[in-house]
Amino acid sequence: MGAEHGVFADRLKPGPRAKALWRGALDLLFPPQALDGGPAPLAGGLSADTWSRIHFLDGPVCDGCGAPFEYDIGDRCAACLARPRAFDAARAACLYDEVSRDPILKLKHADRLDLAPLLARWLSRAARDLVEEADAIAPVPLHPFRLLHRRYNQAAEIARPLSVLTGVAYLPDALVRRRATDTQAGKSGSGRKRNVAGAFHVPAARAAQVAGRRILLVDDVMTTGATAEGCARALKAAGAARVDLAVVARVKERGGLTI
């Protein structure tokens, strides 16, 4: 009976043609709007002008930190060769600049949760090789006080749809921030490291979810990588076999842009 019910349910599922027709009907009733407020796009997403100005990292990048190379010079940049990171590899979908900054900050500070699935799709493409190797996806956590103030964790809002999109298990609370840290904005690289030292922890009740597994850590922006390294150390202390990092955007050079 159970098998027959399953077959019957499968027959009721709409096929690709029916889904396309349904999406077309919805677009007629509710035309797609640009998520950045620009001219109406052909499909849901950013306007064509904004899309064309985002610096997506499609070319060669450093396997260790995700920094773009002007040309292919090997797997790792000089900085990563000189001092390997606590995480094993990193990928970023784009550079953090005046254009990509807008949707990221809207998600982070302006309750624009509708942007999260779009950013998750960017990550699924940019970090495809890391996603394929991952056993689980974990977001960089917020301290409970900051989460109460902001009401949601932007890294979790990106990680959740990335998990759904890729089929990789989602670990929303395997990693916690047990110490309220100051904002990283405006701090030097060494200052950022001191700020997050010992701030992250894998609770004993969640250690089994991490031990022996390859974890893909997800965040919105990487500047120096101090926060991601603090998370990676905590995950590896709990027995993670490997920790990789996927971020929506990374800062190429330190500047005056607020994150």
Report the C-alpha separation of Glu229 and Arg83 in whole Å, then their side-chain angles, then the decisive distance to 0.1 Å, and conclude whether the salt bridge (charged side-chain N to carboxylate O under 4.0 Å, His left out) test is met.
CA-CA 12 Å; Glu229 289 200 79; Arg83 191 190 69 81; 3.1 Å; yes

Check the pair Phe200, Val176 against side-chain contact (heavy atoms from CB on, under 4.5 Å), reporting the backbone distance first and the verdict last.
CA-CA 6 Å; Phe200 302 101; Val176 299; over 6 Å; no

Does Arg128 have more than 12 heavy atoms from other residues, nucleotides or ligands lying within 6.0 Å of its CZ?
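Not buried by this count: 12 neighbours or fewer within 6.0 Å.
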
For the CZ atom on Arg150, are there more than 12 heavy atoms of other groups (residues, nucleotides or ligands in this structure) within a distance under 6.0 Å?
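Buried by this count: over 12 neighbours within 6.0 Å.
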
Taking [X] for the side chain and [Y] for the main chain, is one N or O donor matched with an acceptor at less than 3.5 Å?
X: Asn153; Y: Val140; answer: yes
X: Arg76; Y: Cys62; answer: no
X: Asp244; Y: Ala89; answer: yes
X: Lys236; Y: Ala86; answer: yes

With the side chain counted from C-beta on, respond yes when [X] and [Y] share a heavy-atom pair under 4.5 Å apart, and no when they do not.
X: Val221; Y: Val248; result: no
X: Pro139; Y: Ile158; result: no
X: Cys65; Y: Cys77; result: yes
X: Leu171; Y: Ile215; result: yes
X: Cys231; Y: Pro141; result: yes
X: Val168; Y: Asp135; result: no
X: Val131; Y: Leu216; result: yes
X: Leu107; Y: Leu119; result: yes

Yes or no on salt bridge (charged side-chain N to carboxylate O under 4.0 Å, His left out) for Asp88 and Arg214, after CA distance, side-chain angles and deciding distance?
CA-CA 10 Å; Asp88 295 278; Arg214 297 165 297 184; over 6 Å; no

Apply side-chain contact (heavy atoms from CB on, under 4.5 Å) to residues Thr227 and Arg177 and explain how you reach the verdict.
CA-CA 11 Å; Thr227 297; Arg177 191 184 294 239; 4.1 Å; yes

In terms of side-chain geometry, is the basic nitrogen of [X] or [Y] positioned less than 4.0 Å from the acidic oxygen of its partner?
X: Arg213; Y: Glu133; answer: no
X: Arg101; Y: Asp97; answer: no
X: Arg91; Y: Asp129; answer: yes
X: Glu70; Y: Lys252; answer: yes
X: Arg250; Y: Asp220; answer: no

Membership question, hydrophobic clusters at under 4.5 Å side-chain separation (ILVMFWY): are Leu130 and Trp122 in the same one?
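Trp122 and Leu130: one cluster.
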
Treating Ile, Leu, Val, Met, Phe, Trp and Tyr as nodes and any side-chain heavy-atom pair under 4.5 angstrom as an edge, say whether Val247 and Leu57 lie in one connected cluster.
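As far as the 4.5 Å side-chain criterion goes, Leu57 and Val247 are not connected within one cluster.
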
Verify side-chain contact (heavy atoms from CB on, under 4.5 Å) between Leu235 and Leu175, making sure each step is shown before the conclusion.
CA-CA 7 Å; Leu235 288 166; Leu175 188 65; 4.2 Å; yes

Could you check whether the rings of Phe56 and Trp51 sit parallel, tilted or perpendicular, using 30° and 60° as the cut-offs?
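Plane angle between 30° and 60°, so tilted.
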
Minimum heavy-atom separation for [X] and [Y], please, with both atom names.
X: Ser124; Y: Leu165; result: OG-CD2, 3.5 Å
X: Ala169; Y: Ser163; result: C-OG, 3.9 Å
X: Ile54; Y: Cys94; result: CG2-CB, 3.8 Å
X: Val202; Y: Ala234; result: CG2-O, 3.7 Å
X: Ala159; Y: Tyr170; result: CB-CE1, 3.7 Å
X: Ser100; Y: Tyr96; result: OG-CA, 3.3 Å

For a side-chain contact (heavy atoms from CB on, under 4.5 Å) check, start with the C-alpha distance between Ile137 and Leu217, then their side-chain angles and the critical distance, and finish with the verdict.
CA-CA 6 Å; Ile137 292 171; Leu217 189 66; over 6 Å; no

